[in-house]
Structure formats: structure tokens, C-alpha cells
Amino acid sequence: MLQAAQAAAGAQQYPAGALYVVATPIGNLADLSLRAIHVLSLVDAVACEDTRHSASLLRHLGVDKPLLAVHEHNEREAAGEVLARLARGERVAYVSDAGTPAVSDPGAALVAAVTAAGRRCLPLPGASAALAAMCVAGDVVGQGFVFVGFLPAKGGERTQALEAVAARAETQVLFEAPHRIEALLRGLAEHCPQRRVTVCRELTKQFEAVDTRFAVELPGWLAEDANRSRGEFVLVLHALAPADEPGGADAHDKTLRVLMAELPLKQAVALAAELTGAPRNALYARALVLKAQAGD
């Protein structure tokens, strides 16, 4: 494995005194890139969210490196040791337990500290639960997505966050733990019953499952099979089509027509979004319809 990684990625430049931010598998070890394997074998130390978890990964690769604990509770303090190593010209990798660091995982504070010190941070892309879910959601309306991650665990903050999610028209990606998935699906069914939701469970693992339904159907669907509550969850809340938004597809036609008569299309849409608060993507799609109608 190490020889194959060296052959595939060894010719690239790997500057000393730099932090390498390495994405690791979210479940399937075969998803680790050859370049990531090569870098983990090359660096002088590996900073990690959980030393026990990362030690197991490195053993699987046949790599033995010093491990530095850099997690959500000590990230800013632990950055000092990483910076000291970089100042000595060492290469340091950073990995979180699964997926891409600093995306709902520790890493952002470490990267900020390294960058502020004038040191390089090099990304090694790889597995991402958010992108894995997006590519199987089939959301044909959305353009891009908003990454929400985990909602607050309880109380008024969670309710407010859920209401905000339901009110947004854009595609959104949420993470959820198994002991809270039932409550989240009930909340989505209550706040946006006719919104399509893709529920992904145990992505890339043996019992991976993906199901897309209207939110109102989800609590009953979950209750049908106890296995559906097990594992780690990624949810894609599909974007609202213009016709599904409050007021319907033509709610802002008058504003768009007035602005389009005086401004280029993109400027008209941008200003309409500011004036109405409606999603820019939805307004742009409607503006294209109005432009086509005006040309008939």
C-alpha cells in the first residue's frame, strides 16, 4: 500500500514546515486517497482529534508516527506545539476522526493559528459526508447548498434553529445523531411537511441506506423499522421550487419587471433579493421566465 502511494504521489512537492490537512474515510477505509497515505507516511507527526482512533488508522496503513492530541477542547492551546514543530521545519498532518477536518469537526482554529504564523496549510481532499449525501439526493431544484451540520442539542435554541432551517428555500445539509433523529424528523414534518428530504444513514458503511420522502412521511417511515434509527445520519433538505415558496412563483413579478426594465438581469435579481428577502436563485429562475415571456 505504501509503495503504491509513493509511486502515485511521491513526485509532488511536499514543503517542509507546513501543515497538511488530510481528509480521512467516513466509514470505508478504501476511500482514503493514495496521496493521503503518502503524506501520512511522510510527515514527522500527526495531529489528530482522537489519538486512539488515528492510531488504529495508521496501524492499518503500516505507518508509525508521533501523535498529537488536537481536539475541540484543547485546539487553540495544542496549536502551540504544532507551530513549534513547523518552526523546526517539520511537516505535520492533521486528521479528524472521519471526513474532512474543520467541516463539523475540529481543525479550523489550528488552521487559523498556522496561517496567522505565516506557515502554509495544504489541503488533501477526500471523503465528506455532506458531499456524499448531496450526490445521491437528486435535488434538481437546488444550486449549491447551505451546510448546517448539527442543530443545537436542546431547548429554545434548537427550536429556533429548526424554524430557521424550515424557512430557508435553499438546499441544506444537516447532521444528526441516532438518539435525536426521531425528534428531528418530527420537527421537519411539523415545520415543512411538503419539503422533500433525503435521509442518509451510515454512509459508505456496510448498512448504508438512502431514502428520499416528503418530510410529513418521515416519522411514520422511521417507526416502521427499528434499524432505521441506528447509525450516523446526514439529511439533505431539498430546495424549494419557486412555485412552492410563500406567495407562489409570481409573488415578486411586479418588482422583477420594474427592475428588469432598467437594469441588467443579474443586477435586477440581486436588487430584488435585497428588497423582498426572497432567495436569489428562485428570483433568477423566475426572471428568466419573465424575460422569455417578454420576448414572445
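To the nearest 0.5 angstrom, Arg228 atom CZ is 9.0 Å from Arg201 atom CZ. Between the CG atom in Leu68 and the CD atom in Glu81 there is a gap of 4.5 Å [rounded to 0.5 Å]. Glu170 CD to Leu240 CG: the interatomic distance, rounded to the nearest 0.5 Å, is 9.0 Å. Note that the CG atom of Leu29 and the CG atom of Leu61 stand 8.0 Å from one another [nearest 0.5 Å]. Note that the CG atom of Leu42 and the CG atom of Leu2 stand 11.5 Å from one another [nearest 0.5 Å]. Interatomic distance, OG of Ser41 versus NZ of Lys65, reported as 6.5 Å (0.5 Å rounding).
Contact record, Ala272 with Leu259: N-CD1, 3.6 Å, taken as the closest heavy-atom pair. Contact detail for Leu32 and Ala23: the closest heavy-atom pair is CD1-O, 3.6 Å. Taking every heavy atom of both residues into account, Ala18 and Leu86 meet most closely at O-CD2, 3.4 Å. Shortest non-hydrogen contact noted between Leu203 and Ala129 is CD1-O, 3.7 Å. When every heavy atom of Ala215 is checked against every heavy atom of Cys192, the shortest pair comes out as CB-O, 3.2 Å. Between Val234 and Ala133, the shortest heavy-atom contact is CG1-CB, 3.5 Å.
Glu262 CD: 12 or fewer foreign heavy atoms inside a 6.0 Å radius. For Gln12, the CD atom sits in a packed shell: over 12 heavy atoms of surrounding residues, nucleotides or ligands are nearer than 6.0 Å. A 6.0 Å sphere centred on NZ of Lys266 holds no more than 12 heavy atoms belonging to other residues, nucleotides or ligands. Summarising the local packing, CD of Glu77 is surrounded by more than 12 heavy atoms from other residues, nucleotides or ligands at distances under 6.0 Å. Counted within 6.0 Å of CG on Asp64, heavy atoms from surrounding residues, nucleotides or ligands total 12 or fewer; the atom is thus considered open. Counting non-hydrogen atoms of neighbouring residues, nucleotides and ligands closer than 6.0 angstrom, the CZ atom of Arg76 reaches no more than 12 such neighbours.
For residues 31-51, the pairs satisfying salt bridge (charged side-chain N to carboxylate O under 4.0 Å, His left out) are Asp50-Arg52, with sequence neighbours left out. Legend: salt bridge (charged side-chain N to carboxylate O under 4.0 Å, His left out) pairs involving residues 10-28, not counting sequence neighbours: none detected. Residue pairs meeting the salt bridge (charged side-chain N to carboxylate O under 4.0 Å, His left out) criterion with at least one member in residues 144-160, sequence neighbours excluded: Arg158-Glu176.
Leu265 is listed as a side-chain neighbour of Leu288, based on a closest heavy-atom distance under 4.5 Å. Under the 4.5 Å side-chain criterion, counting only non-hydrogen atoms from C-beta, Val63 is not in contact with Val46. Here the side chains of Ile181 and Leu235 are in contact, with some heavy-atom distance below 4.5 Å. Looking only at side-chain heavy atoms (C-beta outward), Leu184 and Phe233 stay at 4.5 Å or farther from each other. For the pair Glu232/Glu202, a side-chain contact is recorded, criterion being any heavy-atom separation below 4.5 Å from C-beta on. Within the 4.5 Å cutoff, no side-chain heavy atoms of Leu188 are placed close to those of Arg195. Inter-residue side-chain proximity for Leu67 and Leu58 is flagged as met; some heavy-atom pair is nearer than 4.5 Å. Within the 4.5 Å cutoff, side-chain heavy atoms of Arg257 are placed close to those of Leu290.
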Listed pairs under 3.5 Å, donor-acceptor, residues 98-126 side chains, sequence neighbours left out:
unit_1	atom_1	unit_2	atom_2	d
Thr100	OG1	Ala127	O	2.9
Asp105	OD2	Ser96	OG	3.1
Thr115	OG1	Val111	O	2.9

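When hydrophobic clusters are built by joining Ile, Leu, Val, Met, Phe, Trp and Tyr residues whose side-chain heavy atoms come closer than 4.5 Å, directly or via intermediates, Val70 is not grouped with Val39. With hydrophobic clusters built from ILVMFWY side chains whose heavy atoms lie under 4.5 angstrom apart, Phe147 does not share a cluster with Leu151. Under a hydrophobic-cluster definition in which Ile, Leu, Val, Met, Phe, Trp and Tyr are linked whenever side-chain heavy atoms come within less than 4.5 Å, directly or via other members, Leu237 and Val146 are assigned to the same cluster. In the hydrophobic clustering of this structure, Leu162 groups with Leu185; members are Ile, Leu, Val, Met, Phe, Trp, Tyr whose side-chain heavy atoms approach within less than 4.5 Å, directly or through other members. Val22 and Ile26 fall into different hydrophobic clusters, where Ile, Leu, Val, Met, Phe, Trp and Tyr are joined by side-chain heavy atoms under 4.5 Å apart, directly or via other members.
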Inset, instruction - Please assess Arg85 against Arg88 for the test side-chain contact (heavy atoms from CB on, under 4.5 Å), listing each intermediate value before the final yes or no. - result: CA-CA 5 Å; Arg85 286 179 174 270; Arg88 295 196 295 266; 3.3 Å; yes
Legend entry - Stepwise salt bridge (charged side-chain N to carboxylate O under 4.0 Å, His left out) test for Glu190 and Arg186: CA-CA 6 Å; Glu190 177 185 351; Arg186 284 201 314 268; over 6 Å; no
Inset, instruction - Determine, stepwise, if the pair Arg196 / Val141 fulfils side-chain contact (heavy atoms from CB on, under 4.5 Å). - result: CA-CA 11 Å; Arg196 291 181 69 79; Val141 176; over 6 Å; no
Inset, instruction - List the steps, then state whether side-chain contact (heavy atoms from CB on, under 4.5 Å) holds for Leu40 with Val95. - result: CA-CA 10 Å; Leu40 290 173; Val95 298; 4.2 Å; yes
Inset, instruction - For the pair Phe207 and Arg230, evaluate side-chain contact (heavy atoms from CB on, under 4.5 Å) and give the outcome as yes or no after the intermediate values. - result: CA-CA 10 Å; Phe207 298 108; Arg230 297 175 180 172; over 6 Å; no
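Note: Phe175 and Phe150 have perpendicular aromatic rings, judged against thresholds of 30 and 60 degrees for the angle between ring planes.
Annotation: ring pair (Phe, Tyr, Trp, His ring centres under 6.0 Å) contacts of Phe214 (sequence neighbours excluded): none. With sequence neighbours excluded, no residue satisfies side-chain hydrogen bond (donor to acceptor under 3.5 Å, both in side chains) with Arg91.
Put simply, the side chain of His191 never gets that close to the backbone of Ala166: no donor and acceptor are under 3.5 Å apart.
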